[in-house]
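The model shown is predicted, which means the values in this text are computed figures rather than measured ones. Below, chains carry the letters A, B, ... as their sequence lines are ordered, and counting in each starts from 1.
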Protein chains: 2
Amino acid sequence: MITRKEWEQARDGALRCFNLAGVVLTEEEETRIEVADFGLSNLLQLGLELFTYVNTERVCAKELVLFPRQTCPEHRHPPVEGQPGKEETFRCRWGEVFLYVPGEPTPDPGAQPPQEIAGRYTVFHEIHLRPGDQYTIYPDTPHWFQAGDMGAVVSEFSTRSHDEADIFTDPAVERATQVRDE
Amino acid sequence: MITRKEWEQARDGALRCFNLAGVVLTEEEETRIEVADFGLSNLLQLGLELFTYVNTERVCAKELVLFPRQTCPEHRHPPVEGQPGKEETFRCRWGEVFLYVPGEPTPDPGAQPPQEIAGRYTVFHEIHLRPGDQYTIYPDTPHWFQAGDMGAVVSEFSTRSHDEADIFTDPAVERATQVRDE
């Protein structure tokens, strides 16, 4: 749950990050920026701001914003409707992001899982993405990511997105964000 | 056929356009910019500069550059290896582009086909894309496009790209560009 004011502040912050990254949205598109708190009501620590350019049967493209040290919780994209799960390539456009995937845990990682739910993160192999760096995540692979101290703008190129089918490691996560009018 | 010097000038021009559009490539990526003259040996009028971020079995993403009034000749993406043809969404990032697809010919279009091969363009319904505008082209749809007076940077989000399978309306086109060392 976030308040309407939190939603507006996050949208405005996302627009400032897009501006810094050279990403142009139309005025109509600006009204469709998505703010996700994953049902955890702690947006600035656990959340994601995003804009979906296109999501057809075969192709999806999004622009993601993470505020400084904001974390997208661990999740994976399972098979849906008889199709393999979502495949996605993250490309850092601005700032930096620490992405975690299965593999040897990285010593001295650049990010830490948020403390209160540290036990709900299971993969710790770090991919450090700076502008121009990218990484492809194949279906059903658990992953989570956190921005560095400046925040980050990340392009996502993928197959069709079924956000509602994502499986989060933390059972407290709800993918749909509730916005409360005060 | 283009000369090595033409290739280098086009690559440098593409990098300047990427810089204006806020698109960051790594140094290694800069060496992989593709310059296409479509075998027509008239690059500044008929050509395209591009960088492919990713091209897996399911997903492709590219960044395209067109110099001022440069035209990408009419073509379509047919079925390949039992799969439907390529579906692609063009999103204008910088400058402007006039895209032509099947439909009612647009009166007073923003672009004209290059004169010497005017008879080899068959679709004239105009989609005018400015920064933040986008358009999805479904498989096997003929299309061609020309940048406006500033040139253009266009993101392409698509299914797997099989450039060698593209069918150009002009039989003189060869998709693979020959670079001549002088």
What part of [X] gets closer than 4.5 Å to chain A, counting heavy atoms only: side chain, backbone, both or neither?
{"X": "B:R91", "answer": "side chain"}
{"X": "B:E29", "answer": "side chain"}
{"X": "B:F18", "answer": "neither"}

Name of the residue among A:H143, A:H75, A:H77 meeting ring pair (Phe, Tyr, Trp, His ring centres under 6.0 Å) with A:F168
A:H75

Result of checking B:Y100, B:F98, B:Y135, B:F90 against B:F145 for ring pair (Phe, Tyr, Trp, His ring centres under 6.0 Å):
B:F90

Looking at B:T177 and B:D37, would you say the former's side chain and the latter's main chain have a donor-acceptor pair under 3.5 Å?
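Here the side-chain-to-backbone pair exists.
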
Is the closest basic N to carboxylate O distance between A:E49 and A:R16 below 4.0 Å?
no

Where along residues 151-166 of chain B does a heavy atom come under 4.5 Å of chain A, listed by residue number?
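Against chain A, the residues of residues 151-166 of chain B that fall inside the cut-off (heavy atoms, under 4.5 Å) are B:F157, B:S158, B:T159.
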
Distance-minimising heavy-atom pair for B:P73 and B:L40
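Smallest interatomic distance, heavy atoms only, reads CG-CD1, 4.3 Å.
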
For B:P139 against A:R58, the heavy-atom pair lying closest together
CG-NH1, 3.6 Å

In terms of heavy-atom pairs under 4.5 Å with chain A, which of B:L20, B:T56, B:T136, B:V23 leads?
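Between B:L20, B:T56, B:T136, B:V23, the count favours B:T56.
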
Pick from B:P131, B:P84, B:C60, B:C92: which one has the most heavy-atom pairs with chain A under 4.5 Å?
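The option with the most such pairs is B:P84.
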
Working to the nearest 0.5 angstrom, can you tell me the gap between A:C72 SG and A:L48 CG?
5.0 Å

